[in-house]
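Here the structure comes first, spelled out in structure tokens, and everything after it is commentary.
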Amino acid sequence: MKKRFKAVSFIIVAMMFLSLLVACKDNSSSGGGSGGKSSKVSVGIVLPTKDEPRWVQDEQRFKDALADSEYTTEILFSQGSSAKEKENVETLLNKGIEVLIISPHDGEAAGAAVEAAKKDGVTVIAYDRLITNTDAVDYYVTFDSVAVGAAQAQYLVDQAEGTNVPLYLYAGAASDNNAFLFFEGAWSVLQPKIADGTFKIANSSEAEGLKDKAELSRDEMSKILGQVTTNWDPNEAKNKAQTHLTAAGADLKGNVAILAPNDGTSRAIADVFATDGDITSYVISGQDAEKASIQYIIDGKQSMTVFKDVRTLVKDAMGMAIDILDGKTPETTGTYDNGSIEVKAKQTDVIVVNQENVKKELIDSGYYEASEFTGL
Ligand code: GAL
């Protein structure tokens, strides 16, 4: 009798434990307050994808910032899909959010999701990437994306020796408004150096056709992006680099310069150029200070990255959300024209990192631990 009672009570305890486990596990992460599935969430956070280290950085920094917050939050990923993004926003609206912090997968397509939020009286904060051609965006927190592109290009200019240095251009996804801001900044620095013969364009007939034009229209940039976009996908970047090097003659090899839009694509492109015997040396840009790229920089396989301190972006976004929840008007430093309205914005500066200052900017600042790298 006693043995059977023990067995039954064990099964009951096991079942209770199992249901608890199931209740906690899904592709979101909720922080602060009482959390859990059914309960109200004050601030909903939607990020583009978990498949890129950049956004996993942001998730971790949000969690760090919210660890002992009294406000309930939930972070959802859109996995590179605008449909999933809309579903995520609806999930959060059903949980009663008052503020939505969202970095769109596709700046234009995200309009529908934020318009639904607006209809529910939710305040919308665009995060890092702008949502375009809708008035359903209240605030925007971001880094100076034009300065990112200008810094990447300036690094290539500073390292260039002689004339006719082959210049390989790569860009971000055209669905991402930032990709145009990065390229605008890069072109503003590179174009005069193409016009004066320091660089010769190696992989884009559209850019070649526009080389005497200091300022490009969005359409003109779209044409160039159409040829050199990586869609933020390292595999696509790798394939494009292989195609470009296969097509390149000896005059486009030797010592070259490469504009790579972010770290993930930069490592993929660098690996291709490093295996081409006719490439004597390459200087390549990057962005996001991903751990793997910091190691590449220490090892001399990537030349630089543009560090965007995500801790600041998270602090600004959550600061705005808490002001809004407290009925206050958030502080902003300027506006961005999103094609429909002037969106009130708060912008943070960026930092160039290379072998010389990697320890100061990323270890001494507490962003990463020295133990995460070799050869520092
Ligand atoms: C951009 C973002 C970058 C970059 C990229 C790829 O919008 O500003 O930091 O990583 O997306 O996701």
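Atom set for the values below is all heavy atoms of this structure, side chains included, hydrogens, waters and symmetry mates excluded. A quick note: this is a predicted structure, and the numbers were derived from the prediction, not measured. Just so you know, ligand 1 is whichever comes first in the structure, and atom 1 is the first atom listed for that ligand.
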Next on the checklist: Salt bridge or not between Glu59 and Lys63? Use side-chain N to carboxylate O under 4.0 Å.
Outcome noted: yes
Item to check | Residue that, paired with Arg267, satisfies side chain to side chain donor-acceptor pair (under 3.5 Å) out of Gln302, Glu290, Gln295 | outcome: Glu290
Checklist entry - Is Tyr367 linked to Val314 within one hydrophobic cluster, defined over Ile, Leu, Val, Met, Phe, Trp and Tyr using a side-chain heavy-atom separation of less than 4.5 Å? => result yes
Next on the checklist: If the threshold is 4.0 Å, N to carboxylate O, is there a salt bridge linking Lys40 and Glu98?
Outcome noted: yes
Next on the checklist: Salt bridge check, Lys223 against Glu220: does any charged N sit closer than 4.0 Å to a carboxylate O?
Outcome noted: no
Next on the checklist: Give the residues near ligand 1 by chain and number, with the criterion being a heavy-atom distance under 4.0 Å.
Outcome noted: Glu52, Arg54, Trp55, Asp128, Arg129, Asp176, Asn178, Phe182, Trp232, Asn262, Gln287, Asp288, Lys308
Checklist entry - Charged N to carboxylate O under 4.0 angstrom, Lys118 versus Asp138? => result yes
